[in-house]
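Here's the structure we're looking at; comments come further down.
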Amino acid sequence: FPEVTEKQEITDKDLIFGYFNMLQMAMSKNDFSTSDFVCEEIKKYNYPESVCNLVDELIEKVNNLDSDAVIQLISTIKGKW
């Protein structure tokens, strides 16, 4: 079994936004292996309450391969942060 680790606090918002940008690009190119990798990185962090549910929804949309919804959600998350 993989070991359960605590989620990390976000100390550098630009790093997380970089992950979001990589995810947007990967989804727009239908590069789902990169999308999965980036999602694993995104899942490692604690998010502010204002965007926490949106990040969960984002991961779900990636898993459903819904590129348009992913790109829209990322914009929403960045706007609410």
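Just so you know, residue 1 is the first one in the sequence shown, and it goes up from there.
- Across every non-hydrogen atom of S35 and M27, the tightest pair is OG-SD, 3.2 Å.
- Note on Y45 and L73: same hydrophobic cluster, where clusters join Ile, Leu, Val, Met, Phe, Trp and Tyr whose side-chain heavy atoms are under 4.5 Å apart, directly or indirectly.
- Counting non-hydrogen atoms of neighbouring residues, nucleotides and ligands closer than 6.0 angstrom, the CD atom of Q8 exceeds 12 such neighbours.
- For S50, there are no side-chain hydrogen bond (donor to acceptor under 3.5 Å, both in side chains) partners two or more places apart in sequence or in a different chain.
- Proximity of a side-chain donor or acceptor of Y47 to a complementary backbone N or O of I42 within less than 3.5 Å is detected.
- Residues that satisfy the side-chain contact (heavy atoms from CB on, under 4.5 Å) test with K7, not counting sequence neighbours, are N46.
- Contacts of T34 classified as side-chain contact (heavy atoms from CB on, under 4.5 Å), with partners at least two apart in sequence or in another chain: A26, D31, V38.
- Between Q24 atom CD and I74 atom CD1 the span is 4.5 Å, to the nearest 0.5 Å.
- Considering CD1 of I77 and CG of N53, their distance stands at 10.5 Å, rounded to 0.5 Å.
- A continuous path of hydrophobic side-chain contacts links V70 to F37 [ILVMFWY only; heavy atoms under 4.5 Å].
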For residues 12-22, dump all side-chain donor-acceptor pairs below 3.5 Å to protein atoms at least two apart in sequence or in another chain.
{"unit_1": "D12", "atom_1": "OD1", "unit_2": "D14", "atom_2": "N", "d": "3.1"}
{"unit_1": "Y19", "atom_1": "OH", "unit_2": "E41", "atom_2": "OE1", "d": "3.4"}
{"unit_1": "N21", "atom_1": "OD1", "unit_2": "K78", "atom_2": "NZ", "d": "2.5"}
{"unit_1": "N21", "atom_1": "ND2", "unit_2": "F17", "atom_2": "O", "d": "3.4"}

Donor-acceptor pairs are to be reported for all side-chain atoms of residues 55-66 against protein atoms at under 3.5 Å, with residues two or more places apart or in another chain.
{"unit_1": "N63", "atom_1": "ND2", "unit_2": "I59", "atom_2": "O", "d": "3.4"}
{"unit_1": "N64", "atom_1": "ND2", "unit_2": "E60", "atom_2": "O", "d": "3.4"}
{"unit_1": "D66", "atom_1": "OD1", "unit_2": "A69", "atom_2": "N", "d": "3.2"}

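- Applying the side-chain hydrogen bond (donor to acceptor under 3.5 Å, both in side chains) criterion to E40, with sequence neighbours excluded, gives K43.
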